[in-house]
Amino acid sequence: MKHIVDAFTETAHQYPDRIAVQDCESQLTYRELDERSNVIAHRLQSPCVLIMLPRRCSFLISTFATLKAGSCYVGVNTDYPADRIRYIAEDSGAGVIITTTSIWNEKKTELECLIGSGLSLILIDQTDWAAGDAAPVNKTTWEQEAFMLYTSGTTGRP
């Protein structure tokens with residue numbers, strides 16, 4: 001049995017130029033998805049990562065990066081109110097948030113306190129893919145959590 005990161009890496013080496021993912025704005029080959037997720041994975045030094053991105057190629061880059069780094073991720077809906085995002089960040093123990101410049105600019109005033117409390121910010125749309133370290137990363141273990149899911153909280157705290 002293979003870990004998802006191992007299976008993905010093998011596929012990326014076998015079919016590097018095939019399209020791995022496509023959304024309404026862009027597409028990535030397996031090579032590009034593998035290399036970009038490595039670039040982000042090298043920057044992750046946290047057991048938990050918040051991913052506040054729309055469901056596009058950048059979300060998949062971030063999830064693979066998180067898994068490769070041996071971390072787990074929490075998908076945060078970009079429409080969540082700031083108090084819910086702050087709660088999830090604090091409760092999960094996240095050390096990094098991955099988002100885009102435009103999303104961050106919309107939420108910055110209400111969420112800047114998270115950065116002041118030690119949360120690191122990665123703006124994926126400002127990442128220089130060519131300058132980043134794309135060397136393979138795989139710190140996965142069978143024991144690691146892959147993701148955390150917060151419920152709606154309709155009966156109390158999520």
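In this chain, numbering begins with 1 at the start of the sequence shown.
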Next item on the list: Tell me, with the steps shown, if Ile61 and Trp129 meet side-chain contact (heavy atoms from CB on, under 4.5 Å).
Entry: CA-CA 12 Å; Ile61 290 168; Trp129 303 114; 4.2 Å; yes
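Within the 4.5 Å cutoff, no side-chain heavy atoms of Arg56 are placed close to those of Ser26. Counting heavy atoms from C-beta outward, Asp17 and Arg31 have side chains that approach closer than 4.5 Å. Looking at Trp104 and Leu111, their side chains come closer than 4.5 Å, going by heavy atoms from C-beta outward.
Checked by atom type and distance alone, the side chain of Thr66 never pairs as donor or acceptor with a backbone atom of Ser71 at under 3.5 Å. Here the side chain of His42 pairs a donor or acceptor atom with the backbone of Ala135 at under 3.5 angstrom. Between the side chain of Asp125 and the main chain of Thr100, no donor-acceptor pair closer than 3.5 Å is present. Remark: the backbone N or O of Tyr80 is paired with a side-chain donor or acceptor of Lys107 at under 3.5 angstrom. One N or O on the side chain of Thr99 and one on the backbone of Met52 form a donor-acceptor pair closer than 3.5 Å.
Contact record, Val74 with Cys48: CG2-SG, 3.8 Å, taken as the closest heavy-atom pair. The two atoms that bring Asp23 and Cys57 nearest to each other are OD2-N, 2.8 Å, heavy atoms only. The shortest heavy-atom contact between Ala94 and Leu50 is CB-CG, 3.7 Å. The two atoms that bring Ser58 and Leu53 nearest to each other are O-CD1, 3.6 Å, heavy atoms only. For the residue pair Gln144 and Lys139, the shortest heavy atom distance occurs at OE1-O, 3.9 Å. Nearest heavy-atom pair, Leu33 versus Ala20, reported as atom, atom and distance to 0.1 Å: CD2-CB, 4.0 Å.
With rounding to the nearest 0.5 angstrom, the CD1 atom of Ile97 is 6.5 Å from the CD1 atom of Ile85. Atom-to-atom distance recorded for Asn77:CG and Arg55:CZ is 7.0 Å, nearest 0.5 angstrom. Taken to the nearest 0.5 Å, the SG atom of Cys72 stands 9.0 Å off from the CG atom of Leu67. Taken to the nearest 0.5 Å, the CZ atom of Arg18 stands 8.0 Å off from the OH atom of Tyr30. To the nearest 0.5 Å, the span separating CD1 on Ile98 from OG on Ser120 amounts to 10.5 Å. Within the model, atoms CG of Leu44 and OG of Ser37 stand 10.5 Å from one another, a figure rounded to the nearest 0.5 Å.
The environment of CD1 in Ile19 is crowded: more than 12 heavy-atom neighbours from other residues, nucleotides or ligands sit within 6.0 Å. No more than 12 heavy atoms of other residues, nucleotides or ligands lie within 6.0 Å of CD in Glu145, so this atom counts as exposed by the packing criterion.
Neither side chain, Asp133 nor Asn38, offers a donor N or O lying under 3.5 Å from an acceptor on the other.
Each side chain to side chain donor-acceptor pair (under 3.5 Å) pair with one or both residues in residues 7-16, not counting sequence neighbours, appears once here: Lys2-Glu10.
Using a 4.5 Å cut-off between side-chain heavy atoms of Ile, Leu, Val, Met, Phe, Trp and Tyr, with links allowed through other members, Phe147 and Ile4 fall into the same hydrophobic cluster.
Taking the six-membered ring where the residue is Trp, Phe59 and Tyr73 present perpendicular rings, their angle passing 60° and hence far from 30°. Using bins of under 30°, 30° to 60° and over 60° for the plane-to-plane angle, the ring pair Tyr87/Tyr150 lands in the perpendicular bin.
Salt-bridge annotation for Asp34 and Lys68: present, with a side-chain N of the basic residue lying under 4.0 Å from a carboxylate O of the acidic one.
Judged as a side-chain hydrogen bond (donor to acceptor under 3.5 Å, both in side chains), and not counting sequence neighbours, Arg43 has no contacts.
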